[in-house]
Protein chains: 2
Amino acid sequence: MHQFRRCTKLLCVVEKHGLRERKKQRTRQALIEAAVRLFEDKDYDHVTVAEIADAAEVSPRTFFLHFQAKEDVLLANADMRVDLALQAIAERRAGERLPEVLVRAMDEMIANTWDSDLPSGLAALRARLAASVPALQARLLQRYLTAQAELAQALQRAFPDRLDTITASALVGAMVGATSASALTALQRGDGPNEVRNAMRQAMALVAQSVT
Amino acid sequence: MHQFRRCTKLLCVVEKHGLRERKKQRTRQALIEAAVRLFEDKDYDHVTVAEIADAAEVSPRTFFLHFQAKEDVLLANADMRVDLALQAIAERRAGERLPEVLVRAMDEMIANTWDSDLPSGLAALRARLAASVPALQARLLQRYLTAQAELAQALQRAFPDRLDTITASALVGAMVGATSASALTALQRGDGPNEVRNAMRQAMALVAQSVT
DNA sequence: CTGCACTGATTCACAGTATGCATCAATTCA
DNA sequence: TGAATTGATGCATACTGTGAATCAGTGCAG
């Protein structure tokens, strides 16, 4: 019944199998862009799904065919980033210790966000809205939680003799919790992108030293 | 516009100023009990607000006069617990170190939950639903986040020379993140109340050692 | 004790999110 | 070319959550 959908690793690679798939991606992209444009103009919840669909020149019904909820249009590529982190853990380098692997995985996600969403302004918009719109914040946290479970599982697989299930989830929970809390604090203080990133690094370092 | 309401410390002490207040509390309690009863019978989102209100013999509109959203009926006394933790931090005992204070604050919350919600079965119901109903999970996480901000502020006030704003929120974020992640993992593994509590303790200890 | 202010509860109306279902139209494949 | 697949649509609908007007009981001032 309830179900958090995740894209598989394969789907995250841009497939262009046929005109059909490309068309679908185009309307999806149109919806995202229309939404972002509208959110930059008006208050988040004064923008209705109907308006977004209208701006993207599709029917409102189509919106929900691409996104499970209104909020998801702003978290479009989050799944891909989790996959990056999972891969980073799986490809543990020789001699790399536990905290380093975890930090590298987190860095992978952050770096990808920086590269793809920062220039477009999407990162800033999302940050601003996530700090002020409860519904979006809730959805974001929820996705963090499911991502955490996957990261914990991957981490335990990478260090089977060192971690039990509880420790693994505690560790990942601490890392994600600390990072997002400090990022949010920095954001609400009015910090710019680089300061926010520094805050995240600082938080990660703090947690990392607990597993030295 | 958006606003996460919190009860003030004064309101958390049970006031019985007049018949009026008592009546209000009675309908509030009736709503909670009706909701719990229905949630135990049916699937969470097959129970409508209208049904809850009906079972409590009030109008549906009245439900939203007491709770901001459907989910909040299950998180009724959460605010009080945060206040307990804040108090625990403010009343820092002589010679108590940072990690100890934080752990004590968390313990305060957990212990209160155990004492008041465990016998009634509310704790179990909430745990079960929080692990399976996305909407509730989201709301819970959101409240954790606002609680975190308050805890971080209180902590910084208690250790002004030791903590900057970012470190304080990172620390609290790590603690809350680790604790809830491990609790959820334990729950989903099918652990009973005591095992869950142990998992939480273990997570707290892990984070506490990072600030030794 | 009486009228007035306050406020919880109710009723009615409504915007908006989200889903189910039948259907159309274009793509893909046999 | 004909058939199956599937993205998009329209329509109907359930439900959450809010606004506004109103009623009724409580508490307070005079």
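In the text below, chain A, chain B and the rest are named by the order of the sequence lines, each starting its count at 1.
The CZ atom of B/R139 sits 11 Å away from the C1' atom of D/dG17 (whole-angstrom rounding). The nearest whole Å value for the distance from the CG atom in A/D45 to the P atom in D/dG19 is 11 Å.
Heavy atoms from other residues, nucleotides or ligands lying under 6.0 Å from OH of A/Y144 number 12 at most. Open room surrounds CD on A/E57; 12 or fewer heavy atoms of other groups in view lie less than 6.0 Å from it.
In this model, no donor atom of one side chain and acceptor atom of the other lie less than 3.5 Å apart for B/T113 and B/R126. Of the N and O atoms on the side chains of A/Q202 and B/T167, at least one donor lies less than 3.5 Å from an acceptor on the other residue.
Separating the CE atom in A/M80 from the CG atom in A/L84 is a distance of 6.0 Å, to the nearest 0.5 Å.
When the ring pair (Phe, Tyr, Trp, His ring centres under 6.0 Å) test is applied to B/F64, no partner is found at least two apart in sequence or on another chain.
A nucleotide of DNA chain C counts as in contact with chain A when one of its atoms lies under 4.0 Å from a heavy atom; the first and last such, 5' to 3', are C/dG16 to C/dT28.
A donor-acceptor pair under 3.5 Å is formed between the side chain of A/E195 and the backbone N or O of A/G192.
Across every non-hydrogen atom of B/R92 and B/A158, the tightest pair is NH1-O, 3.1 Å.
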Margin query: At under 4.0 Å between heavy atoms, how does the protein contact nucleotides 7-12 of chain D? Give one character per nucleotide, 5' to 3', with B, S or -.
Written below: SBBBB-

